[in-house]
Amino acid sequence: MSEVKITAEPRTEFGKGGARRTRRAGKVPAVLYGHGEKPKHIALPAREFAAAIRHGGANQLFNIEISDGTSALALPKAIQRDPIKDVMEHVDLLIVRRGEKVTVEVPVQLTGEAAPGTLVVQEHNTLSVTADATRLPEHLEVSVEGLEAGSHVTAGQVSLPSGVELVADPELVIAVVSVPTTADLEEPAPAAEEEEAAEAAETAESGAPAEESA
């Protein structure tokens with residue numbers, strides 16, 4: 001994964017009021033910490049940061065250039081979002097070094113099609129791995145191609161890129177292949193209004209007189 005250069009400004013206002021003013025200015029309040037350094041409060045350009053996360057995922061590596069003349073390589077450690085507005089409210093950034101090994105959660109994607117008539121349920125969407133901070137995989141893939149009902153895929157079966165080591169339990173179940181139950185196959189029952197409309201249509205077609213209202 002390539003690093004993304006992004007500029008930031010030192011943040012001098014704190015508390016909820018300061019954070020709101022930062023966000024109104026089109027920036028995201030953030031704190032940069034790690035490697036024994038004093039936490040540094042900064043403001044990131046909201047649109048640029050969000051675009052990088054959408055493209056590179058939650059483990060996107062950033063080369064942050066701060067207007068005070070300092071810079072740092074960092075990974076997002078935690079991103080707080082407003083559940084209503086779906087905007088980033090605050091970001092924790094962990095300072096890393098080139099060549100340093102870090103442990104992160106990486107998304108797992110299932111590929112292929114299981115045997116006909118089966119249902120695949122993904123039990124875990126991410127896997128904990130260790131890798132060079134500058135060479136983190138965007139995602140991991142594991143195939144369910146042709147798997148029969150009763151089969152399952154474990155973390156130990158996920159193919160890892162060179163330099164990436166599994167931290168999660170190798171026996172952790174990633175996906176299960178089963179036979180769909182009746183509930184899985186049933187279509188949702190029509191709404192009461194639809195049932196009434198269907199009955200009225202049948203009555204009209206048969207020529208039967210409609211019931212008189214009381």
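No hydrogens, no waters, no symmetry mates; every other heavy atom, side chains included, goes into these values.
- T22 and V28 make their closest contact through CG2-C, 4.2 Å (heavy atoms, listed as atom of the first residue, atom of the second, distance).
- A donor-acceptor pair under 3.5 Å links the side-chain atoms of Q157 to the main chain of T154, judged by distance alone.
- The two residues K101 and G163 make their nearest non-hydrogen contact at NZ-O, 3.2 Å.
- In this structure, CG on N125 lies 13.5 Å from NE2 on H139, to the nearest 0.5 angstrom.
- The closest donor-acceptor contact from the side chain of Q122 to the backbone of V108 lies under 3.5 Å.
- Contact of the T7 side chain with the S67 side chain is not registered, since no non-hydrogen atoms from C-beta on lie closer than 4.5 Å.
- Under the 4.5 Å side-chain contact rule for hydrophobic residues, V104 and V4 do not share a cluster.
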| Going through the checks in order, is the side-chain contact (heavy atoms from CB on, under 4.5 Å) test met by V31 and H90? | CA-CA 8 Å; V31 61; H90 188 274; 3.8 Å; yes
| field | Full working for side-chain contact (heavy atoms from CB on, under 4.5 Å) between L73 and E100 | value | CA-CA 11 Å; L73 279 179; E100 174 186 5; over 6 Å; no
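- Residues L140 and S159 fail the side-chain proximity criterion, which asks for heavy atoms closer than 4.5 Å.
- With R23 contributing its side chain and E89 its backbone, the two residues share a donor-acceptor pair below 3.5 Å.
- If you chain together hydrophobic residues whose side chains sit under 4.5 Å apart, V176 and L127 never meet in one group.
- Closest non-hydrogen pair, R97 versus A133, comes out as O-CB, 4.1 Å.
- Closest non-hydrogen pair, V164 versus A131, comes out as CG2-CB, 3.9 Å.
- Distance CD1/I66 to OG/S71: 7.5 Å, rounded to 0.5 Å.
- Grouping the Ile, Leu, Val, Met, Phe, Trp and Tyr side chains by contacts below 4.5 angstrom, directly or via other members, places V142 with L166.
- Using modelled atom types, no side-chain atom of E105 and backbone atom of V129 make a donor-acceptor pair closer than 3.5 Å.
- In this structure, T103 and S128 approach most closely via the heavy-atom pair CG2-OG, 3.5 Å.
- Once rounded to the nearest 0.5 Å, the distance linking CD1 of I53 with CE of M88 reads 5.5 Å.
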| Can you list the steps and then say if L94 with Y33 is a side-chain contact (heavy atoms from CB on, under 4.5 Å)? | CA-CA 5 Å; L94 179 66; Y33 67 94; 3.9 Å; yes
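- Rounding to the nearest 0.5 Å places CZ of R135 at 13.0 Å from CZ of R98.
- Between the side chain of H35 and the backbone N or O of V96, no donor-acceptor pair lies under 3.5 Å.
- Summarising the geometry of T118 relative to A149, their closest heavy-atom pair is CG2-N, 3.8 Å, with the distance given to 0.1 Å.
- No path of Ile, Leu, Val, Met, Phe, Trp and Tyr side chains, each step under 4.5 Å between heavy atoms, connects V102 with I64, placing them in separate hydrophobic clusters.
- I95 and L136 fall into different hydrophobic clusters, where Ile, Leu, Val, Met, Phe, Trp and Tyr are joined by side-chain heavy atoms under 4.5 Å apart, directly or via other members.
- Put simply, the side chain of R47 never gets that close to the backbone of G26: no donor and acceptor are under 3.5 Å apart.
- Separation of atoms CD1 (I174) and CG (L110) is listed at 8.5 Å; rounding is to 0.5 Å.
- Remark: the backbone N or O of E113 is paired with a side-chain donor or acceptor of E145 at under 3.5 angstrom.
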| said: What verdict does the side-chain contact (heavy atoms from CB on, under 4.5 Å) test give for E148 and V177, after you've listed the backbone C-alpha separation in whole Å, the side-chain angles of each residue and the deciding distance to 0.1 Å? | reply: CA-CA 7 Å; E148 300 287 345; V177 183; over 6 Å; no
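- Interatomic distance, L32 CG to R11 CZ, rounded to the nearest 0.5 Å: 11.5 Å.
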